[in-house]
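These notes concern the structure reproduced below.
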Amino acid sequence: MLEAILSIGGIGLTAAVALGLAAKKFAVEVDPRELAVLEALPGANCGACGFPGCGGFAKALVEGKANPNACTPGGQATVERIAHILGVAATAADPQVAVVLCQGDNPRAALKYRYLGMADCNAAQRIAEGPKQCPGGCLGLGSCVRACPFSAIEITGEGLAVISRELCTGCTRCVAACPRGVIRMTPLAATVHVLCNSHDKGAQVRKYCAVGCIACHICAKTVPGAYVVEDFLARVDYEHRDQAGAAVEKCPTHCIRDFAQGYPPGSSFAAPTVPVAGKSAA
Amino acid sequence: MEQKLILSPAPHLHGEQSTEQIMRAVIYALLPACAVSIYFFGLPALRVLVLCTLGCVLAEIGCQKLMRRPAAWRDGSAALTGVLLALNLPPASPWWLALLGAAVAIVVGKQVYGGLGHNPFNPALVARVVLLISFPVQMTTWSAPTPLGAGLDLVTTATPLGEAKNAVMLSGRLPEALQNSSWDYFIGNMGGCLGEVSALALLLGAAYLFWKRILTWHIPLSYLGSVVVIAGIFWLVDPSRYPSPLFHLLTGGLMLGVFFMATDMVTSPVTPRGMLVFGVGCGLLTVLIRLFGGYPEGVSFAILLMNAATPLIDRFTRPRAFGEAPARVSGRQGAP
Amino acid sequence: MMKKLKTFRGGLHPSEHKEQTAHLAIEDCPLPEELVIPLSQHIGAPAEACVAKGERVAKGQLIGRARGFVSVPVHASTSGEVLAVEARPHPSGKLLPAVVLRPDGEDAWGEAPASVADYRELGAEELCERIRAAGVVGLGGAAFPTHVKLSPPPEKPIHTLLINGVECEPYLTADHRLMLEETARLLAGIDILRRALGARRVCIGIEANKPDAIARLEEACRGTDVEVATLAVKYPQGAEKQLISALVGREVPSGGLPMDLGVVVQNVGTAAAVADAVLAGKPLIERVTTLTGSALARPGNLRVRIGTPLRHLVAWRGGLTGELAKILCGGPMMGAAQLSLDVPVVRGTSGVLLLREGDVELRRESACIRCGRCVRACPSFLMPTTIAAYARLERFEAAEQFRAMDCIECGCCTYICPAAIPLVQAVRHAKLAILARRRKL
């Protein structure tokens with residue numbers, strides 16, 4: 001009995017001393033502010049700030065190499081907290097969300113061919129430039145869903161990617177993952193968007209998509225200034241986003257959507273209550 | 001409207017066998033063993049088989065509904081697990097034991113990991129071991145085989161391995177009679193689980209699987225070979241205490257384990273060298289548990305332990321790629 | 001009788017489907033109404049158009065100039081008028097620049113092709129230049145410029161020339177017929193290639209399922225030092241590295257080229273084109289290709305002008321039977337599915353397959369059951385299922401550690417997979433991501 005107590009106790013004591021010494025000897029000097037900043041960050045390691053994870057960002061912040069508002073997922077509250085820790089002024093970043101500029105799901109947009117293969121947009125895009133006739137439309141194979149660190153993207157039952165405006169933090173990962181460039185970063189405050197990404201001429205768009213922009217200019221005529229039609233595709237000029245809503249009902253192909261009224265058909269996301277301006281941090 | 005053309009990545013031809021066909025073939029291969037068990041143990045054996053198979057399929061359907069996964073019970077993997085589980089239960093198992101085992105196999109052994117292809121352990125063996133630990137009495141009540149004669153009443157007996165273990169523990173010597181009944185063991189005239197009894201029927205099934213090219217020689221040969229070699233060494237050292245390799249081969253769940261449990265594709269390595277390592281590991285552990293462990297039978301534990309080692313084995317037996325310098329292979333980096 | 005035939009490790013035996021066309025002699029396909037001659041028909045930089053709309057061109061006239069060393073010129077397949085130089089459907093699935101030509105029906109050569117009295121008097125460089133100027137590329141399917149393979153750096157002398165007459169892709173029989181019917185042209189081309197390389201050993205590899213071609217070549221090569229080797233029937237026996245492994249007994253180093261072993265491999269069709277280029281001064285404006293498949297009325301082996309749209313071939317062979325579900329250019333194991341019959345035959349088109357609805361595999365992908373068949377079938381000794389799993393998780397460094405870059409995309413793993421997982425596509429996905437990352441660094 002005694003032997004057991006002594007031997008176990010001895011091992012414990014030796015290990016404790018060794019650990020203690022090692023902790024002293026190999027201690028790494030860390031700026032306490034860095035730890036505090038790291039604590040304040042969301043910890044998603046999404047890379048939206050352009051640094052390797054939240055740790056890298058915290059280091060850069062303390063060294064003065066980064067602006068707190070580069071952390072889009074954190075939102076305003078995080079920016080303020082970090083600014084407070086570092087003693088710098090909090091400059092608000094315009095909160096951004098990603099939007100899929102397409103409503104051409106399976107019933108609405110024609111296929112070019114029947115695709116059989118890996119369920120990945122980038123892989124499918126390599127086979128005759130994607131199975132959809134529209135060169136810019138969403139393929140619905142979910143590369144963006146897998147890229148999203150915040151589970152903010154869903155694929156509807158009819159094969160269309162939809163991004164939740166509540167869950168999206170603006171980290172831009174999905175934008176990089178999409179082979180067709182159909183996802184864009186837009187100001188959170190702008191809820192009206194032209195959901196089309198085809199630069200084909202109107203007559204051609206009509207052939208393959210029921211909800212594509214045909215560049216008829218009606219929106220631009222209804223609300224001059226709020227819409228720009230370029231290269232056969234209309235887009236909202238987000239500087240004048242407040243007036244854009246007036247044209248939603250006028251669009252003959254219904255490709256302009258006000259997200260305040262709801263998400264594209266088939267989405268399980270509930271309509272956002274109000275366009276949230278300064279959204280609170282999670 | 002005219003159908004669109006199909007575009008898919010190369011290759012545009014595909015082989016004959018699908019997952020479903022493989023599962024079905026393995027079930028066919030188990031039919032002789034099922035028939036023998038019904039012949040020796042009668043209706044109770046049939047009851048265990050039916051309950052386990054139905055239980056597994058129902059559990060699979062239920063899980064897939066609940067977890068909103070695509071209903072894939074038709075691939076036959078759940079039914080196969082059910083048959084394998086039944087063959088791993090004693091003939092006198094009560095109905096609730098069989099159903100509980102089926103639920104454990106599918107829910108705990110398979111679906112929680114993500115369904116077919118993702119389970120690290122052989123689901124039927126997980127269930128068997130859970131039952132063995134939880135209900136030791138019911139799981140070790142063996143029935144004497146009564147060809148064609150049994151009603152629902154079975155006479156209890158001991159398994160040859162159990163007898164051997166008891167005898168060695170009590171007297172330090174093996175009973176003479178055990179060594180001289182090889183033919184009975186071969187055809188299945190002994191106590192044991194449904195599928196443990198007849199080596200002949202299992203070999204028949206295995207031959208079918210070899211012919212269908214579903215089994216490869218790697219695991220069965222290395223498993224059997226290592227059992228024979230290791231058991232043989234002990235036997236040569238002291239034949240009065242350690243049973244002969246032949247006794248090891250023909251008794252207990254070895255044949256079932258070698259051809260149908262260790263070779264379970266999902267839970268065994270994919271590389272040929274890995275399969276050999278896996279088989280040898282199974283053989284070594286089986287003999288060690290049988291001779292020195294607390295349980296008379298070690299096949300289930302051996303296979304489960306090696307299942308746990310499978311990802312590691314796969315990683316360290318990656319074949320040398322075509323044109324890869326041998327030096328690079330020996331200095332192979334481990335975990336990515 | 002059961003002599004052990006030479007082969008490589010791994011691979012498998014897909015059903016051959018060669019019986020529809022193996023016995024059919026090569027036929028000349030008539031000229032179409034319109035030829036679409038893409039400027040990119042080879043690996044490397046696309047050619048640059050040097051004719052304009054409305055211009056009249058003669059047969060064999062240069063219409064696209066090579067750009068750089070790894071590039072070859074493009075020639076007019078017949079005489080006629082240039083209708084346009086514009087983007088047209090290409091077998092790669094994209095719209096790529098092409099010269100659209102309306103044949104005038106005269107099929108007249110421009111200046112008479114400069115024939116050579118005796119090629120034996122020409123130096124290796126001169127031979128190489130003639131081959132390059134004729135636009136010769138590998139006709140087995142990859143379309144790699146032949147002159148590049150014939151110009152090894154001085155520190156890598158070539159001692160062995162292997163001629164690939166394996167044709168291991170199912171359905172295809174064009175090389176088989178070429179070996180039978182144009183033996184003399186083929187052997188002349190082989191001799192030119194050998195002189196250009198200075199190779200001591202020459203060996204023609206043929207799969208054992210073409211005994212007539214083997215017999216014909218053995219007879220023709222009797223008394224010369226050209227070997228004819230019979231190879232076991234196994235896919236992908238005709239893959240360059242696997243062929244070398246079978247005939248030379250050595251493995252091309254990972255990431256290396258056959259010339260690292262002092263070996264060059266050329267396809268039989270390429271050798272025949274080399275003979276035309278050097279002996280007759282004829283550029284590569286036609287090729288032999290197999291047109292077959294269940295949706296086609298009359299399959300056959302055809303000599304087709306480069307740029308002939310598939311639609312014309314199909315119409316000439318009696319049209320379609322049943323509903324067309326899939327169009328393939330190349331063999332069924334490595335060929336590419338096409339969007340329409342408007343794409344033209346190009347230099348790399350070793351075959352055209354038209355499949356009916358019922359003959360196309362529609363199996364849905366299911367979970368990997370880790371059966372390990374892909375591992376055993378892989379002729380590069382990889383673990384396709386592991387690489388594919390990492391590719392899906394976008395863990396490309398792990399895929400690279402499992403040697404994704406050594407994949408030759410032969411398709412064996414996907415062929416054998418009981419769960420119908422598109423393994424090759426996933427591995428390719430990983431390869432492209434790894435390459436993109438390497439370029440970035």
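Chain letters run A, B, ... following the sequence lines, proteins first and then strands; every chain starts at 1.
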Which of the residues [options] is involved in the greatest number of heavy-atom pairs with chain B at under 4.5 angstrom?
options	result
Leu382(C), Leu339(C), Thr385(C)	Leu339(C)
Ile369(C), Val424(C), Val375(C)	Ile369(C)
Ala367(C), Ala419(C), Cys371(C)	Cys371(C)
Ala325(C), Gly372(C), Gly411(C), Pro253(C)	Ala325(C)
Arg250(C), Arg9(C), Gln338(C), Met334(C)	Gln338(C)

[X] portion near chain B, given a 4.5 angstrom heavy-atom threshold:
X	value
Leu328(C)	side chain
Met333(C)	both
Ser366(C)	side chain
Cys368(C)	backbone
Glu357(C)	side chain
Ala420(C)	neither
Leu353(C)	neither
Arg373(C)	side chain

What side-chain donor-acceptor pairs closer than 3.5 Å can you find for residues 240-249 of chain C, not counting sequence neighbours?
| unit_1 | atom_1 | unit_2 | atom_2 | d |
| --- | --- | --- | --- | --- |
| Glu240(C) | OE2 | Lys149(C) | NZ | 3.0 |
| Gln242(C) | NE2 | Pro379(C) | O | 3.1 |

Is [X] salt-bridged to [Y], going by a charged N under 4.0 Å from an acidic O?
X	Y	result
Arg320(B)	Glu251(C)	yes
Arg437(C)	Glu400(C)	no
Arg370(C)	Asp314(B)	yes
Arg356(C)	Glu323(C)	no
Arg403(C)	Glu324(B)	yes

Item checked: Option from Gln111(B), Arg69(B), Lys65(B) for which side-chain hydrogen bond (donor to acceptor under 3.5 Å, both in side chains) with Glu60(B) holds -> Gln111(B)
Exercise answer: donor-acceptor pairs, residues 299-313 of chain B side-chain atoms, under 3.5 Å, sequence neighbours excluded:
| unit_1 | atom_1 | unit_2 | atom_2 | d |
| --- | --- | --- | --- | --- |
| Ser300(B) | OG | Arg128(B) | NE | 2.7 |
| Asn307(B) | OD1 | Asn122(B) | N | 3.1 |
| Asn307(B) | ND2 | Thr267(B) | O | 3.0 |
| Asn307(B) | ND2 | Ile303(B) | O | 3.3 |
| Thr310(B) | OG1 | Thr267(B) | O | 3.0 |
| Thr310(B) | OG1 | Met306(B) | O | 3.1 |
| Thr310(B) | OG1 | Asn307(B) | O | 3.3 |

Next item on the list: Please examine the side chains of Cys378(C) and Cys413(C), heavy atoms only from C-beta on, and report whether any two atoms are closer than 4.5 Å.
Entry: no
Atom group of [X] that falls short of 4.5 Å from chain C, counting heavy atoms:
X	answer
Ser268(B)	backbone
Pro269(B)	backbone
Pro9(B)	side chain
Ile22(B)	side chain

Notebook entry, point to check: What about His17(C) and Tyr171(C), are their ring centers closer than 6.0 Å?
Noted result: yes
Notebook entry, point to check: Given the side-chain rings of Tyr390(C) and Phe396(C), with only the six-membered ring counted for Trp, is the space between their centroids under 6.0 Å?
Noted result: no
